[in-house]
S.K.: 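Have a look at this one.
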2 protein chains.
Amino acid sequence: MATIRDVAKLAGVSVATVSRVLNNNGNVHKSTKEVVQAAITTLNYRPNEIARTLYKKNSRLLGLIIPDITNPFFTELARAIEDTAHRYGYTMVLCNTDEILEKEQHYMEVLKQRQADGCLMITNEKATFLDEELGIPIVALDRPIHSHIPFIQADHYQGGKIAAQTLLQKGSTQLVHIRGPKYLDSAEARYQGFLDVVEKEKISYHIFESSFQPRNDEFLINNIFERFPEIDGVFAANDVIAVSVLKTALHRGISVPEDLQIIGYDGILFGQLFYPSITTVAQPIYQLGKQAVQMLINLIEKKETEQKICRLPVQLVERDTTRKE
Amino acid sequence: MATIRDVAKLAGVSVATVSRVLNNNGNVHKSTKEVVQAAITTLNYRPNEIARTLYKKNSRLLGLIIPDITNPFFTELARAIEDTAHRYGYTMVLCNTDEILEKEQHYMEVLKQRQADGCLMITNEKATFLDEELGIPIVALDRPIHSHIPFIQADHYQGGKIAAQTLLQKGSTQLVHIRGPKYLDSAEARYQGFLDVVEKEKISYHIFESSFQPRNDEFLINNIFERFPEIDGVFAANDVIAVSVLKTALHRGISVPEDLQIIGYDGILFGQLFYPSITTVAQPIYQLGKQAVQMLINLIEKKETEQKICRLPVQLVERDTTRKE
DNA sequence: CGGTTTCATGTAACCGGTTACATAGAAATG
DNA sequence: CATTTCTATGTAACCGGTTACATGAAACCG
């Protein structure tokens, strides 16, 4: 690979001049600029990003610290993040943590050693990642870390309300909410939204807690149908659980949506492939990822964010696990 | 951030000695080593990976150039790749190309400028990426690039045979294969496998070509059922298409697997969530990703691979879209 | 005991960019 | 025309590691 000194030699100028041409700063005479550009073309020269980073201390590298790319919600988020990062000239490093603290910490080290400019995090480890000790800008995505770390998520409380209202409005009277883990604020918010609606309407309901591990849920769901055969509306805390509920219901000969309505949450692409397709409260996943990156880049380049917290609206997507009208 | 010179100063030694301690090479007296290590701990020093890379010219960075992380097959592959890369001390950069040549080329530039040690590619652009011009080791995954670029994929020909044999063996007599795009060798191989079985058995069959774009497939699938209501076995070139077939069939009141058997391909995790769950020819996705990384690292570190081509066996996963027995 | 190894350590060049500072000539100013 | 200002360019230090080479001391050896 040609270096800047090769270019300088061929163009008959100093490396400083070549650098000025490359970065289009400082004064360079028009004719000199042309000679340098010709040399660059001849040698097919590309500046070494590593050398630049060493001096300038910005790498245009972004970390994405995420529990598991295999979870469809995160997959779609990652796609949005990569797209956006790329559009702004940043490169994305993917870090799967499986929610294991050691992995998260290890990846933070790796990102720091590689001089990453910033990091998007989806983590439950609130206490561990306060930005004092980090030395690298962070934006928290979907799960808050600390009040002084910028944070973006969908309006889960509203989402919980919408789900409950929709089930009621479409005629369900015996509701079940399979909520997400207690330690997840977002699950808690959906639950609260759901609760506030059903309490007000004085409707019969049951709450169950899922671990968000599909494997464990199968048993839980069967158990629910066993114990409460009379239920006619389920709000599942995410689409994957909704799908499991659908599968179990169909397997038991329950008609969906005639005898049982199901509403999922997230709005993953997959939801529409099922028969019947899953009605869901959709998060603006692409938008979340995109804005998270924009917030982070803002933080990196301007050293500040306009707003610390950003909450995006959710939207009901009516498909076929709820009744028409 | 502390530098190696800070550590040297605190420990009262030269930077060379600190470097020797860090890399555990050269001779360092036991007592000196302890003093240096104490200084490292005190300053919480972590070597700057960028500076290391600049001199050593290996970055321990791997690129994954992939059409779209949102495609579940690629998602699972990416997960395996990230896991494995991480286990070997490499960091993974994610690059979504949407199969657009300009994006692929652009990402290759980015990876080169960042001194990535190697790159895993899933691309159709055979002609463009010959490793002469690349200057960076490549392993082709799932889709071959060129005979001199190491390549790993599942045994798709065998997969096509297994799918056809299974449908026949379980009693289907009017087969349809919805194959993948012509420009994909892997789709071609599955098709050939299917063909070789049905031709030999003199079975009635029809072939249709899908673009692998779920949106377009809906029309195609409806059309198939319309024109050929008598079909009783479908081999779909991937699980997403199989799922669409299932949905369409159920929608039309066709019983699966009683009246119609469906076999998918890939073995994505999602397949088991459907009702009925999808019988599929599973690729060893995790293994593919893992071995691809191992081949690539081998290429990087040893400058060679034992074998240029690696073909992994597929496996029938019998679920509920095929009949028992 | 002198000569050769081996060990422990330091000095400084190097990787490939960027930029502060210096300088010479041209242009502007009074 | 002398002085100031501006333009174009070069020199060399710097970023933070690694390592070739040099050096002095200790260990070994016949």
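Hydrogens, waters and symmetry mates play no part in the numbers below; they use all other heavy atoms, side chains included. To find a chain, count down the sequence lines: A is the first, B the second, and so on, and within it residues start at 1.
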S.K.: Does any N or O in the side chain of R143(A) come within less than 3.5 Å of the main-chain N or O of K126(A), such that one atom is a donor and the other an acceptor?
M.R.: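 Not at all, since once roles are kept as given, no pair shorter than 3.5 Å links the two residues.
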S.K.: Strictly below 4.0 Å, N to O, side chains only: are R52(B) and E49(B) in salt-bridge contact?
M.R.: yes
S.K.: Is the NZ atom of K33(A) crowded by more than 12 outside heavy atoms at less than 6.0 Å?
M.R.: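 Counting neighbours around NZ of K33(A), 12 or fewer heavy atoms of other residues, nucleotides or ligands fall under 6.0 Å, so no.
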S.K.: Along nucleotides 12-17 of chain C, 5' to 3', which nucleotides get a B, which get an S, and which get a -, given that the test is a protein heavy-atom distance under 4.0 Å?
M.R.: B-BBBB
S.K.: Check whether any side-chain nitrogen or oxygen of T17(A) sits under 4.0 Å from OP1 or OP2 of dG10(D), and answer yes or no.
M.R.: yes
S.K.: Would you indicate whether the side-chain heavy atoms of Q294(B) and I297(B) approach each other to under 4.5 Å?
M.R.: no
S.K.: What is the distance, to the nearest angstrom, from the CG atom on N27(A) to the P atom on dA24(C)?
M.R.: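 Value for this atom pair: 19 Å.
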S.K.: Between R79(B) and D68(A), is the closest basic N to carboxylate O distance under 4.0 Å?
M.R.: yes
S.K.: I need the NZ-P distance between K30(B) and dC7(C), as an integer number of Å.
M.R.: 17 Å
S.K.: At 4.0 Å (heavy atoms only), tell me whether T53(B) reaches a base, stays on the sugar-phosphate, or touches nothing.
M.R.: nothing
S.K.: In whole Å, what is the span from the CG atom of N24(A) to the C1' atom of dT18(C)?
M.R.: 15 Å
S.K.: Report the distance from atom CG of N25(B) to atom C1' of dA8(C), rounded to the nearest whole Å.
M.R.: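 Result: 14 Å.
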S.K.: Find which nucleotide of DNA chain C each of K33(B) and R20(A) is nearest to by heavy atoms, and output the residue with the more 5' nucleotide.
M.R.: K33(B)
S.K.: Rounded to the nearest 0.5 Å, what separation is found between the CE atom of M1(A) and the CD atom of Q115(B)?
M.R.: 7.0 Å
